[in-house]
Amino acid sequence: MSADNNDRPDDEKSKGRRPAKNRGAATDDVGKALRSAYDEALREDVPDDFLDLLGKLS
């Protein structure tokens, strides 16, 4: 058997895999969710305790 599995029928090669267009949509959804979480974290205020600790460093 070769390393790239060219000797297997096409239906066996694609078993368990989604078509490329569906993977792209899922990737877009994950990217949007990550950007949303990051943007939300940026909007949060820095806690006073953390600012106090940073002030002690300088």
Side-chain angles (χ1 to χ4, degrees):
M1 189 177 276
S2 65
D4 60 356
N5 296 323
N6 283 334
D7 54 343
R8 292 189 332 182
D10 287 340
D11 60 336
E12 287 183 28
K13 289 180 189 175
S14 63
K15 215 177 237 184
R17 295 183 185 170
R18 291 186 288 176
K21 64 181 180 181
N22 289 342
R23 282 191 301 236
T27 301
D28 288 346
D29 291 343
V30 170
K32 288 176 185 177
L34 288 171
R35 277 190 291 280
S36 176
Y38 180 75
D39 289 341
E40 185 177 326
L42 287 178
R43 286 190 297 270
E44 292 179 5
D45 291 333
V46 177
D48 290 335
D49 292 344
F50 190 68
L51 290 174
D52 290 342
L53 287 172
L54 288 174
K56 291 177 182 179
L57 290 174
S58 53

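Please read all numbers here as calculations on a predicted model, not as lab measurements.
In the hydrophobic clustering, where aliphatic and aromatic side chains (Ile, Leu, Val, Met, Phe, Trp, Tyr) are joined below 4.5 Å either directly or transitively, L42 groups with Y38.
For R43, the side chain to side chain contact (heavy atoms under 4.5 Å, CB included) partners at least two apart in sequence or on another chain are D39, E40. Every side chain to side chain contact (heavy atoms under 4.5 Å, CB included) that V46 has, sequence neighbours left out, goes to F50, L51.
Summarising the local packing, CG of D48 is surrounded by 12 or fewer heavy atoms from other residues, nucleotides or ligands at distances under 6.0 Å.
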